[in-house]
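Here's the structure we're looking at; comments come further down.
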Amino acid sequence: MARLSPRARRERGVFYTPWEVAEAIVRQVDRRLKLDLHLPHGLADGSTWERFLRQGYKLPEGLKPTDLIVRILEPSAGSGVFLVAAIRQIYQNFSQRHIAEHLPPSSLTARWQAFVEEDLPDRLHAIELLSDAIPAARDTIGQFLETTGLNSTAAEFVSLHCGNALEPQIHSELAQPATVVIGNPPYAAASTNTGEWIKELLRGKIGGNQLYRSYFESDGQPLKERKLWLHDDYVKFLRISQWHLERAGLGVIGLVTNHGYLDNVTFRGLRFQLADQFDRIEILDLNGNSKKRGTSARLSRDESVFDIGQGVALSLFSNFPRSTQKAIHYGELWGPRSGKLRTMATDDWEVLTSQKLSPSPPHYFFTPRGVDISSEYQRGIPITDLIPQSTSTVVTARDAIVIDTDRERLLARIAEFRDIEIHDDALRAKYFPRPRSGKYPPGDTRGWKLTKARAALRDDAAWQERIIECAYRPFDRRWVYWSPEMIDWPRGEVMQSMQSADALALVVRRQMPPDRPCNFFLATDTLTIDGILRSDNRGNETLLPMVLHGQENLCREYLPKHLANVHVREVFAYLYSLFQMSEYRTHFAESLRIEYPRVFFPTTKAAFDELAHLGELLLSLHLRRSTTRKMTAPSDLPSVASGYPKWQDNRVWIDRETPLVKVDQAAWLFHIGSHQVLRKWLKDRRHTCLTTEEVANYLAIVDLIGQTQSIVAQIDLAIKKLGGLHRALGIEPIDSTT
């Protein structure tokens, strides 16, 4: 398939499935049919619905008693790997039955030929969007059938439909719901499948009527998320698969998917609906995510089983007739691709997925969690409830143009954009050399057009007054051209309030990398640009202002009585102290990495005052407008070279010959969010000669980090003297033995 349609394959997120993956899924689907649905011949079983009707089971709508129970659908056939795996399993079961019935070996081929011609067309259906992939799939199937003694032309008896499985027409052609769905659906976050039918089905609707389960609800309540990431194609294929079994009332799904759905917070509605419907769920997480590495992944090279950076999981979902017990089983594999494939080929699935899970609200994670600590954490006050008004940080969509470390350089760049003598094409070539999409001219997007923006800049008589200070990265203030003509998402009134003299806000986020410390907190008192904590385009930071329109932004009903009259600034200072506290960050690490921070208040006013005082010291330190210190700096420093800065011999070097400052290892490795502060600050200034003021600023940041570490140590000592996190903050530990 890669040979036939490489571009279409890449755009639609289609990747060749290794044989070991398809075989492992099909083998376990067959096992579940035998064990749970009591169909002794699994995928080859010839039982009809009459069997279940005799047991009092209700016949699904649109089916006849004489219809086969086992009806297999592969909704994204691709090169036919899953189809061959299914036919191979059917053949094995068929052969075993032939032997068990003591029939002569000589009659096997004739009986198998009759089965393929008469039974298989109704039993096995596949859908493929790309028409030029279908002949290749048939050829692959034909090659396998030849090994069973048939002519390759017997592949014509496999029902391969050309169409889009995410559109209703193709399912109308199939008529009956499938009871087995297998495959490796495409992964495409930027999905082109935006039809109304599938968008409705994600919400459980058909023709506007609520008939099925909604991935946008959990426990009967809407998710209430600002952004939901349920538009990826693999989610839609999972919904199609579930829809088939919702209509059939029983069956087994076996899919390869992106593993993000297992623990992504905004997928909790999907997980709830799966856990609520299916009697048995089995997950084998193959990991391999280059952007999401946990502790185990760091022990050896961890690779995806596909040639992509995205991790994947094998998932089985089973519905049984009259089941009274639910079970969720989990396992995971780490390491090189070859090792994972070898393990799947040789090890028993039940052993690989032997860990039992008990997903619990509110997230219903399909990965192992520290349930007791999570339950403790849920008793805290969500920061977004305590500080109700919030916004995402500013996304300019063109930082390289509207943000700079030098005010005059930024002003000159904007002057270029205003210059009527400079043609649009010249600016496109200079500032947008790598277009995001062929859909628009370089630089243009759906909501921003270069020509229109330039005209608006020329009409602005006060254009030179638009340059203001912003918080860009930790302790790295820069200049931003604050104009709606040049910034895509300025975040409205909340960011306007951040330009006032008394501005103060906390910047937090959720969904932190699993292998990072929980240090995704920072104070700010000015316009704040997205990426200040994590600049990899994986979610936004949230800004929580202390004051909005002159009114405190604090729900005081959440404060304990002994803190009823404290000033809002004291509350913010306490929160800053809490979020820097080492025990808080480590004890609640698992929860902090997946949701917004929660707040616990001290049981006494004295404890609150002590921690708030230390938090105020940190706030004052992190927010001071001038971070420069008096110094004598050389005026002939070289520029920061490629591959630098580096730390060696307790010094920071900006090239092979030039040490800039003496720094201990702890300060050099100090992170805020994903940024290694001292390295990041200099890295962003590569190939430029540092001014005396910049060097002074950098040395002041070195001092600031040292003072931060000292104050955090005082916070940790204070909480220890107060009896530890639980006693000081009144957190009742949960005893897992009760």
Side-chain angles (χ1 to χ4, degrees), residues 21-55 57 59-60 63 65-75 82-101 112 115-116 119-126 158-159 174 176-183 238 241-256 274 277-284 314-329 344 348-350 352-353:
V21 172
E23 186 181 40
I25 287 180
V26 168
R27 189 168 57 238
Q28 186 61 12
V29 166
D30 184 70
R31 178 180 171 86
R32 296 264 63 91
L33 290 173
K34 294 172 180 175
L35 293 179
D36 302 328
L37 272 71
H38 306 293
L39 300 173
H41 306 295
L43 291 171
D45 201 276
S47 300
T48 66
W49 285 94
E50 286 179 325
R51 173 176 176 174
F52 286 143
L53 293 179
R54 289 195 296 269
Q55 300 171 11
Y57 194 85
L59 186 69
L63 294 180
T66 54
D67 288 331
L68 288 171
I69 294 173
V70 177
R71 201 160 189 264
I72 308 162
L73 173 65
E74 214 290 34
F82 266 93
L83 293 174
V84 172
I87 297 170
R88 181 176 182 271
Q89 187 65 54
I90 290 170
Y91 179 68
Q92 288 180 354
N93 295 355
F94 187 89
S95 301
Q96 290 168 2
R97 181 178 181 180
H98 185 87
I99 294 170
E101 293 174 351
W112 171 239
F115 181 92
V116 168
D119 186 289
L120 205 59
D122 190 47
R123 179 181 298 267
L124 180 61
H125 294 264
V158 176
S159 300
L174 298 177
Q176 300 175 15
T179 53
V180 174
V181 184
I182 54 174
L238 181 55
S241 304
Q242 187 176 3
W243 173 63
H244 272 272
L245 265 65
E246 280 178 302
R247 292 183 296 149
L250 54 81
V252 185
I253 296 170
L255 297 179
V256 188
L274 292 173
Q277 174 179 343
F278 292 103
D279 302 301
R280 185 181 181 92
I281 296 175
E282 299 171 332
I283 295 161
L284 181 59
L314 313 188
S315 305
L316 269 81
F317 308 95
S318 307
N319 262 144
F320 319 151
R322 302 184 178 278
S323 173
T324 59
Q325 189 174 9
K326 289 180 178 287
I328 298 180
H329 293 260
M344 282 186 281
D348 186 82
W349 177 277
E350 309 292 335
L352 292 177
T353 59

Less than 4.5 Å apart, any side-chain heavy atom of Leu43 and any of Val26? yes
What pairs with Asp279 under side chain to side chain donor-acceptor pair (under 3.5 Å), at least two apart in sequence or on another chain? Asn319, Ser323
Applying side chain to side chain contact (heavy atoms under 4.5 Å, CB included) between Val29 and each of Val181, Ile253, Val180, report the one that passes. Val180
Checking Thr353 side chain against His329 main chain: does a donor-acceptor pair fall under 3.5 Å? no
Would you give the length of the straight line joining atom CZ of Arg71 to atom OG1 of Thr179, rounded to the nearest 0.5 angstrom? 8.5 Å
Any donor-acceptor pair under 3.5 Å linking the side chain of Arg97 with the backbone of His41? no
Is the shortest heavy-atom distance from the side chain of Gln242 to the side chain of Phe278 under 4.5 Å? yes
Any non-hydrogen side-chain atom of Leu33 less than 4.5 Å from a side-chain atom of Asp45? no
To the nearest 0.5 Å, atom CG of Leu37 lies from atom CZ of Arg51 at 8.5 Å
Heavy-atom donor-acceptor pair, Ser159 side chain to Pro121 backbone, under 3.5 Å: yes
Whether the side chain of Arg27 engages the backbone of Ala85 through a donor-acceptor N/O pair (distance < 3.5 Å, no angle test) should be reported. no
In this structure, NE2 of His98 is separated from CH2 of Trp112 (nearest 0.5 Å) by 13.0 Å
For Val252 and Ser318, work out which heavy atoms get closest and say how close. CG1-OG, 3.7 Å
For the residue pair Gln96 and Asn93, establish whether any side-chain heavy-atom pair is separated by less than 4.5 Å. yes
Under a 4.0 Å threshold between the charged nitrogen and the carboxylate oxygen, would Arg32 count as salt-bridged to Glu350? yes
Euclidean distance, Gln28 CD relative to Leu352 CG, rounded to 0.5 Å: 9.5 Å
Work out which heavy atom in Gly42 is nearest to a heavy atom in Val70; give both atom names and the distance. O-CG2, 3.7 Å
Taking Trp49 for its side chain and Leu68 for its backbone only, find out whether a donor-acceptor pair lies under 3.5 Å. yes
Side chains of Leu250 and Asp36: does their closest heavy-atom pair fall under 4.5 Å? no
Could you tell me whether the side chain of Pro177 reaches within less than 4.5 Å of the side chain of Leu245, counting heavy atoms only? no
I'd like to check Ile90 versus Ile72 (side-chain heavy atoms, cut-off strictly below 4.5 Å). Are they in contact? yes
Polar side-chain atom of Arg247 near backbone of Gln176 as donor-acceptor pair, under 3.5 Å: no
More than 12 heavy atoms of other residues, nucleotides or ligands under 6.0 Å from CD of Gln325: is that the case? no
Rounded distance [0.5 Å steps], CG in Leu124 versus CZ in Phe82: 12.5 Å
